[in-house]
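Below is one structure, written out as structure tokens; the observations come after it.
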Amino acid sequence: MRHHLAKIDAVLIQAVIAGALSFAHLHDLAEAAGQGGWKAWAYPISVDLLLVAAWRRLRSGHSAASGWCWFVTALAASLGANIATAGLLDLSDVPDWLRILVAGWPAVAFLGGTLLAHQPKTAPPTAEPEPEPDPEPDVRPSCAAVPAALLDHARKVATAHQDRTGQPIDGATLRARLGVPQALADRITAQLT
């Protein structure tokens, strides 16, 4: 147990040191590129948060391509700042293209963070769902009134089905698409024809 804790402590210490150095390099580069005061402190935070969000997406198993894309983007920003501040760039004379990159970073970080924070919903099944048996007794279609808004929506669903398949929609499919009881689906189908 103690050996395991020693490994964790070493990794955590290494992560803290690397994070602090990277944070300082990003701050220095942002400040040199004209983003002084609190803005210079916000840049490293946004890079680090994007890295964390991308890492969490990768660990979740959802949208690995998206996770890798944003992870590499944030890593490039961090690594670029580390290299730039290592003496390869005159921080007293930052080139215009780098000022533009630094000024544009907040929009990139916001887009990446938003896309990573909101996981996509699972794709709907491609096959038509099997209609479940209706617990209500089977009733023949009647001419009972169907709400106009529901009937209009059913017409749109039926038209889309006809356009997609070339066949008129049947009661079971309509019921599954609208999520209504079979008796109501039968009444709607009767009024659609």
Side-chain angles (χ1 to χ4, degrees), residues 4-5 7-89 91 94-132 153 156-157 159-161 163-165 169 173 176-179:
H4 182 64
L5 289 175
K7 283 184 182 179
I8 291 175
D9 288 344
V11 171
L12 288 177
I13 291 169
Q14 181 181 3
V16 168
I17 291 169
L21 290 171
S22 182
F23 191 96
H25 292 149
L26 283 159
H27 171 271
D28 294 348
L29 182 63
E31 196 168 54
Q35 305 296 322
W38 68 269
K39 292 182 279 184
W41 293 103
Y43 277 86
I45 293 170
S46 71
V47 172
D48 290 345
L49 288 177
L50 187 58
L51 275 169
V52 169
W55 179 248
R56 288 188 69 197
R57 173 61 63 89
L58 290 171
R59 300 276 300 179
S60 74
H62 297 286
S63 261
S66 173
W68 275 112
C69 173
W70 290 109
F71 186 79
V72 168
T73 299
L75 186 63
S78 180
L79 189 58
N82 294 345
I83 293 169
T85 57
L88 297 178
L89 178 70
L91 292 180
V94 175
D96 290 343
W97 63 266
L98 186 54
R99 290 177 185 274
I100 292 168
L101 284 177
V102 169
W105 174 257
V108 172
F110 177 74
L111 175 65
T114 301
L115 293 174
L116 290 168
H118 301 288
Q119 289 189 3
K121 297 189 187 289
T122 55
T126 55
E128 293 286 328
E130 290 287 325
E132 296 177 11
H153 180 63
K156 290 177 187 174
V157 170
T159 301
H161 179 83
D163 292 345
R164 192 176 70 253
T165 65
I169 196 165
T173 303
R177 296 276 170 87
L178 296 178

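Nothing here was measured: the structure is a model prediction, and the numbers come from that model.
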Of all heavy-atom pairs between [X] and [Y], which one has the smallest distance, and what is that distance?
X	Y	answer
Gly112	Leu50	C-CD1, 3.6 Å
Leu116	Trp70	CD1-CB, 3.5 Å
Ser66	Arg57	OG-NH1, 4.0 Å
Ala81	Thr85	O-OG1, 2.8 Å
Pro95	Leu89	CD-CD1, 3.6 Å
Ala77	Val47	CB-CG2, 4.2 Å

Test item: His27 and Tyr43 side chains (from C-beta on) under 4.5 Å apart, heavy atoms
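His27 vs Tyr43: side chains apart.
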Test ring pair (Phe, Tyr, Trp, His ring centres under 6.0 Å) applied to Trp55 - qualifying residues, sequence neighbours left out
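Ring pair (Phe, Tyr, Trp, His ring centres under 6.0 Å) list for Trp55, sorted by chain: empty.
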Applying side chain to side chain contact (heavy atoms under 4.5 Å, CB included), name anything that partners [X], two or more places apart in sequence or on another chain.
X	answer
Ala42	Trp38
Thr165	His161, Gln167
Ile45	Phe23, Leu49

Just grab all the side-chain hydrogen bond (donor to acceptor under 3.5 Å, both in side chains) pairs involving residues 96-111, residues at least two apart or on different chains.
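Every pair satisfying side-chain hydrogen bond (donor to acceptor under 3.5 Å, both in side chains) with a residue in residues 96-111: Ser46-Trp105.
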Return each pair, listed once, that meets side-chain hydrogen bond (donor to acceptor under 3.5 Å, both in side chains) where at least one residue sits in residues 71-84; pairs must be two or more places apart or across chains.
Ser22-Ser78, His25-Asn82
When rounded to the nearest 0.5 angstrom, what distance separates CG in Leu26 from CG in Asp48?
7.0 Å
Any chance you could measure Arg177, atom CZ, to Ile169, atom CD1, to the nearest 0.5 Å?
5.5 Å
